[in-house]
Amino acid sequence: MMERIHTVGIWMAESLQRETGSLEGLWLFATHAGNPKAAFLLLFPLADFFSRRAGVAVLWVGALADWLNLTLKWVMFGERPYWWIGESRVFLAEQPQVQQFSATCENGAGSPSGHAMATAAVGWVVASSLASFLSRRTRSWPLTRAPYLLYAAFLLAVCLSRVFLLAHFPHQVLSGALVGLLVGSLLNRRVPEGRRLFFFVSLSAALMGGALMLYAGLQQMGVDLSWSLSLAHKWCQRADWVRPDMSSFTSLTRDCGTLLGLGLAEYWKPGGWSLPRTWRALSLALSSAGLYLVHRLPTPVRPPALFYSLVFVKFALVPQIVMALVPGLVHLVTLVPGLVHLVMRRKRD
């Protein structure tokens with residue numbers, strides 16, 4: 001049964017590449033925009049600009065959905081199209097006319113799709129928040145429903161891009177989207193605003209410890225969780241397309257670091273800084289620039305412990321830069337005119 005499903009998926013990918021090959025740029029953009037990492041680095045600052053709750057919700061839902069996807073992949077396995085074509089030996093008589101791309105060679109298990117799951121979960125948070133905002137401001141039914149239409153269109157584009165790039169089979173993106181939608185709708189009702197630092201420290205430690213215990217337990221049962229990495233190196237057309245930032249432990253440290261950073265940001269400045277919209281726009285621009293610089297910092301891949309530690313620290317800084325550090329500096333700048341005026345008045349007196 002699975003061989004038949006995989007075979008149909010390969011022919012669907014071939015047809016998609018053949019019919020929409022001219023849209024390669026669009027598919028690459030969609031897959032990069034649907035990367036779970038993009039929710040933390042790109043979507044979170046924008047969401048926080050419009051609403052503190054929306055910003056917290058994006059990190060909260062994004063981290064937990066990504067962590068759940070990681071654990072599901074460990075227990076569900078799942079082939080990836082680009083290596084299954086060669087490993088299955090189904091296509092010895094008729095080889096599919098497909099090609100790989102720089103975003104093809106994910107090195108973890110394939111089921112369910114992490115891009116589809118993260119996009120569905122985080123996108124639901126953003127769409128529902130924007131719809132609520134428009135409903136309060138306009139009372140227009142078409143405008144209120146527009147965010148959900150955009151959400152559905154973007155989710156479809158991400159799912160199709162994963163099939164086009166041979167990163168996932170159609171049933172994997174479908175399962176990822178459905179689970180992500182469920183996770184997003186449930187967790188969006190329980191956003192941890194105002195929770196103490198202990199909550200986030202405990203949650204981060206629990207997620208890290210739980211994943212490591214599951215990993216160790218599966219290893220003890222004789223399950224080789226590195227099976228997909230060897231297949232990625234074997235069947236990827238270019239060795240440099242198999243990157244360490246695509247590994248399972250990179251996702252784990254990213255998620256746990258983000259949640260700890262969220263707790264620290266809430267601890268340093270509960271409720272955030274109160275800034276006028278113009279100054280908040282400046283804070284958004286500076287925060288985005290800061291995240292870009294942090295993300296571009298070189299991260300040595302050897303030894304692995306150092307690499308994962310640096311990933312943890314990088315993403316622990318993300319919420320603090322956006323929610324506490326940069327807005328705090330901007331707040332100080334807003335006080336300068338008043339201080340100057342006060343000093344000048346005292347000099348005149």
Side-chain angles (χ1 to χ4, degrees), residues 1-24 26-28 30-32 34-35 69-120 155-180 218-219 221-244 246-248 251:
M1 175 63 72
M2 288 309 301
E3 182 176 287
R4 187 175 303 171
I5 292 174
H6 288 154
T7 303
V8 172
I10 296 297
W11 294 127
M12 289 178 65
E14 181 193 48
S15 177
L16 188 61
Q17 287 192 2
R18 183 177 63 251
E19 299 298 330
T20 66
S22 60
L23 301 177
E24 176 184 332
L26 172 65
W27 299 132
L28 287 172
T31 206
H32 289 307
N35 191 313
N69 179 262
L70 162 69
T71 56
L72 287 175
K73 283 180 176 177
W74 280 352
V75 298
M76 295 179 66
F77 301 100
E79 307 283 351
R80 289 190 184 267
Y82 75 93
W83 73 54
W84 190 82
I85 292 173
E87 286 290 312
S88 66
R89 302 180 67 81
V90 169
F91 302 100
L92 294 178
E94 185 181 2
Q95 194 74 9
Q97 300 302 308
V98 291
Q99 60 175 317
Q100 297 182 14
F101 304 86
S102 59
T104 294
C105 300
E106 300 270 359
N107 55 49
S111 188
S113 166
H115 282 64
M117 189 166 167
T119 301
L155 178 58
L156 178 62
V158 171
C159 291
L160 289 176
S161 74
R162 304 306 286 162
V163 177
F164 177 89
L165 297 172
L166 297 183
H168 285 289
F169 290 98
H171 72 279
Q172 294 172 343
V173 295
L174 178 61
S175 61
L178 292 176
V179 175
L218 292 172
Q219 293 280 59
M221 295 170 59
V223 178
D224 179 16
L225 293 176
S226 64
W227 65 276
S228 59
L229 181 59
S230 60
L231 290 176
H233 283 292
K234 179 179 178 181
W235 292 105
C236 189
Q237 289 180 355
R238 291 180 50 175
D240 60 320
W241 286 352
V242 184
R243 303 192 305 271
M246 295 179 174
S247 70
S248 299
S251 300

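Owing to the predicted nature of the structure, the values given are computational and were not obtained by experimental measurement. Below, each value reflects all heavy atoms present in this structure, side chains not excepted, and no hydrogens, waters or symmetry copies.
Looking at residues two or more places apart in sequence or on another chain, you find a ring pair (Phe, Tyr, Trp, His ring centres under 6.0 Å) between Trp74 and Tyr215, Phe249. Scored by the salt bridge (charged side-chain N to carboxylate O under 4.0 Å, His left out) test, Glu24 finds no partners at all (sequence neighbours excluded). Residues satisfying the disulfide (SG to SG under 2.5 Å) test with Cys105, not counting sequence neighbours, are Cys236. When the side chain to side chain contact (heavy atoms under 4.5 Å, CB included) test is applied to Leu229, the partners found at least two apart in sequence or on another chain are Asn107, His233, Val242. With sequence neighbours excluded, no residue forms a salt bridge (charged side-chain N to carboxylate O under 4.0 Å, His left out) with Asp224.
The structure places CD of Gln172 at 5.0 Å from OG of Ser111, a figure rounded to the nearest 0.5 Å. To the nearest 0.5 Å, atoms CZ (Arg80) and CZ (Phe169) are separated by 10.0 Å. A distance of 11.0 Å separates CD in Glu3 from CD in Glu79, rounded to the nearest 0.5 Å. Considering CG of Leu156 and OG1 of Thr119, their distance stands at 11.5 Å, rounded to 0.5 Å. For the atom pair Leu165 CG and Leu160 CG, the distance stands at 10.5 Å (nearest 0.5 Å).
Residues Cys159 and Ala116 share a closest heavy-atom pair of SG-CB, 3.9 Å. The two atoms that bring Pro81 and Ile10 nearest to each other are CB-CD1, 3.7 Å, heavy atoms only. Asn69 and Pro112 get closest at one heavy-atom pair: ND2-O, 3.0 Å. Closest approach of Ser230 and Trp227 over heavy atoms only: OG-O, 2.8 Å. The two residues Val158 and Ala30 come nearest to each other via the heavy atoms CG2-O, 3.5 Å.
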Check: residues 11-21 side-chain donor-acceptor pairs under 3.5 Å, at least two apart:
{"from": "Glu14", "atom 1": "OE2", "to": "Gln97", "atom 2": "N", "distance (Å)": "2.8"}
{"from": "Gln17", "atom 1": "OE1", "to": "Gln99", "atom 2": "N", "distance (Å)": "3.0"}
{"from": "Gln17", "atom 1": "NE2", "to": "Gln99", "atom 2": "O", "distance (Å)": "3.1"}
{"from": "Gln17", "atom 1": "NE2", "to": "Phe164", "atom 2": "O", "distance (Å)": "2.7"}
{"from": "Thr20", "atom 1": "OG1", "to": "Leu16", "atom 2": "O", "distance (Å)": "2.5"}
{"from": "Thr20", "atom 1": "OG1", "to": "Trp27", "atom 2": "NE1", "distance (Å)": "3.1"}

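We find that Glu106 and Lys73 are not joined by a salt bridge, their nearest charged nitrogen and carboxylate oxygen being 4.0 Å or further apart.
Looking at Thr7 and Phe91, their side chains come closer than 4.5 Å, going by heavy atoms from C-beta outward. You'll find the side chain of Trp235 stays beyond 4.5 Å of the side chain of Ile85, heavy atoms only. Using a 4.5 Å heavy-atom threshold, the side chains of Trp83 and Ser228 count as touching. Side-chain contact between Arg238 and Gln100 is absent, with no heavy-atom pair separated by less than 4.5 Å.
Each of His168, His115, Met117 was checked for a side chain to side chain contact (heavy atoms under 4.5 Å, CB included) with Val173, and the lone residue meeting it is His168.
Using the six-membered ring where Trp is involved, His171 and His6 have ring planes that are tilted, between 30° and 60° apart.
Other residues, nucleotides and ligands contribute over 12 non-hydrogen atoms within 6.0 Å of the CE atom of Met2.
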